[in-house]
Amino acid sequence: MNEDGTRTAAPELAAEDFRSIGHSLVDQLANFLAGLSARPVTSGETPAQIRNAIGSSRTLPETGTDAATLTSAAAELLAAHSLFNGHPRFFGYVTSSAAPIGALADLIAGVVNPNVGAWKLSPAASEIEAQTVRWIAEFIGYPAGGGGLLISGGNMANFVGFLAARAAGAGEGLRRHGVAGAGKPLRCYCSTETHTWIQKSADMSGLGTDAIRWIECDEQQRVRVDRLRAAVELDTERGERPFLVVGNAGTVSTGASDPLGEMAAFCREHRLWLHVDGAYGGLAAKVPGAAPELQGLAMADSVAVDPHKWLYAPLDAGCLLVRDTATLLNAFSYHPAYYNFETDALNYYDLGPENSRSFRALKIWLAFQQAGRAGYTEAIAEDIALARHAFELFRGHPELEAVTCNLSICTFRYVPRDLRPSVGSEETEAALNDLNKRLLTHIENSGYAFFSNAVLDGRYLLRLCIVNFRTSVRDIESLPEFIVEAGAVVAQENQVRKK
Ligand SMILES: *Cc1c(COP(=O)(O)O)cnc(C)c1O
């Protein structure tokens, strides 16, 4: 406290300091972006090296340090010791490049700092979130007139959809009495290719993972609706209560899409909630070249999509869309005495589990306007076309085996010439699994490209997923030779190890 009662508090930054520090930080980050493609995809360091670099053994500093030094050092530190999912040859998991306007949006959001829990605390930001949610629905062809909200990611968006379905399916008593209030044991249905959010949801919601009925897939990793029907009918006969069917719009492993239209018809007939996990593929629903099955998501009661995947928003941003906003209010709303938030607009704390909420919408809202529907459609279509191109190149190479290609995910493996004749035999399959597993790590450590893996029918596969507007045709065309050369090195090491 100053003598005259004014304050120069330690966390404050004077406007002129904010200006100069901000300007030099933006210069530094612009240089980082300009040089990104020349860096290795990952520094590939060990935890000990990283801890050493950040000074993990230091205890909490007692006194403060100049902000300019800190921000510049932090930018430097992260540029030197990170994995860059914004690199043109990052193809791992479903992790996208971030549109730079999103970083600028986050700066605005951080400075204005609206609390998007309540409308009164975030008048413009709440309305921008509402519009962003409507635009996402419009972009994927989900009916207008519904609602939804932004949340941290696909797992949480799916969880919110799960809880909305549970509240709708289990009746009045559930929210007070817990799952026992549902009377009968609740059951949900999804394919064996469904992402692990379903286990977390069944677990966290008190149903337990045994409430999940895992339904078999066909040979293209799509759920078998005949098996789904049989499972629902069997449980119903046994006096259990089916309440939810989950459809995949782009599975996490291979990008397969379930027959959503057929599933929707089945759910209507049995009065079951259809939730679509479109965390990855949902955003491609209206993009030319994407699987036509995706269009069926328009008939779902709820759909989860991930703007931090195929809308290239910086982490984090997931989104749950619902056909009827009342279903979220029925699942989440409480009205504590200490809130004075009555309004005829939306209070987002009423629609989901979060209370105070960050302004996630701005980065999506601005990017939608920067690129437009056409710009996004083209970027996503190009990602899909590049994955297809990779698949064809792998298929044409004598030492690569291309296995699946859906949306922008393609799976494949390295098969050296000497093992090709015996592919399928137990011994060769085991050797190939071991070889490709080692190859994945070898490629990671090379810093040239980054893949992840999939396991299909016991085969260990490399997996390339392009949600990356920086990847070029040249990046893709460089891959077969790079992979096969790396494969030969790993095969050689294997032989040396065996001796
Ligand atoms: C990525 C993904 C998730 C999980 O989303 P997060 O944003 O990582 O929480 C769920 N389902 C599918 C199909 C995904 O691809």
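Positions are given from 1 along the sequence. FYI, side chains are in, hydrogens and waters are out, and symmetry mates aren't considered; it's all heavy atoms of this structure. Atoms within a ligand are numbered from 1 in the order they appear, just like the ligands themselves. These numbers come from a predicted model, not from an experiment.
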Heavy atoms only, cut-off 4.0 Å: how does N155 contact ligand 1, side chain, backbone, both, or neither?
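The answer is both, backbone and side chain.
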What protein heavy atom sits nearest atom 12 (C) of ligand 1, and how far away is it?
D277 OD2, 3.4 Å
Before we go on, tell me: are the rings of F243 and F162 under 6.0 Å apart, centre to centre?
yes
Between F266 and Y189, does the ring centre distance come in under 6.0 Å?
no
Modelled atom types, side-chain donor and acceptor of T209 and D203, under 3.5 Å:
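Short answer, no.
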Any nitrogen or oxygen of [X] lying under 3.5 Å from a nitrogen or oxygen in ligand 1? Just yes or no.
X    : answer
G250 : no
W197 : no
D306 : yes

Does the structure place the NZ or CZ of R413 under 6.0 Å from the centre of the six-membered ring of Y460, at an angle of no more than 45° from the ring's axis?
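No; the conditions do not both hold, so R413 does not lie above the ring face of Y460.
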Can you confirm if the NZ or CZ of R39 lies within 45° of the ring axis of F32 and under 6.0 Å from the centre of its six-membered ring?
no
Salt-bridge contact R388-E392 (side-chain N to carboxylate O under 4.0 Å)
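Judged by the 4.0 Å cut-off on N to carboxylate O distance, R388 and E392 do form a salt bridge.
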Just which atoms of ligand 1 are under 4.0 Å from any heavy atom in [X]?
X    : answer
H195 : 2 (C), 3 (C), 4 (C), 10 (C), 11 (N), 12 (C), 14 (C)
G153 : 7 (O), 9 (O)
A279 : 2 (C), 3 (C), 10 (C), 11 (N), 12 (C), 14 (C)

Salt bridge (charged side-chain N to carboxylate O under 4.0 Å, His left out) between E262 and R222, worked out
CA-CA 12 Å; E262 206 184 323; R222 298 171 306 195; over 6 Å; no
Judged on heavy-atom distance to atom 6 (P) of ligand 1, which of P307, G282, A249, G154 sits nearest?
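Residue with the shortest heavy-atom distance to the ligand atom: G154.
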Nearest non-hydrogen contact with atom 1 (C) of ligand 1 belongs to which option: M156, H308, K200, K309?
K309
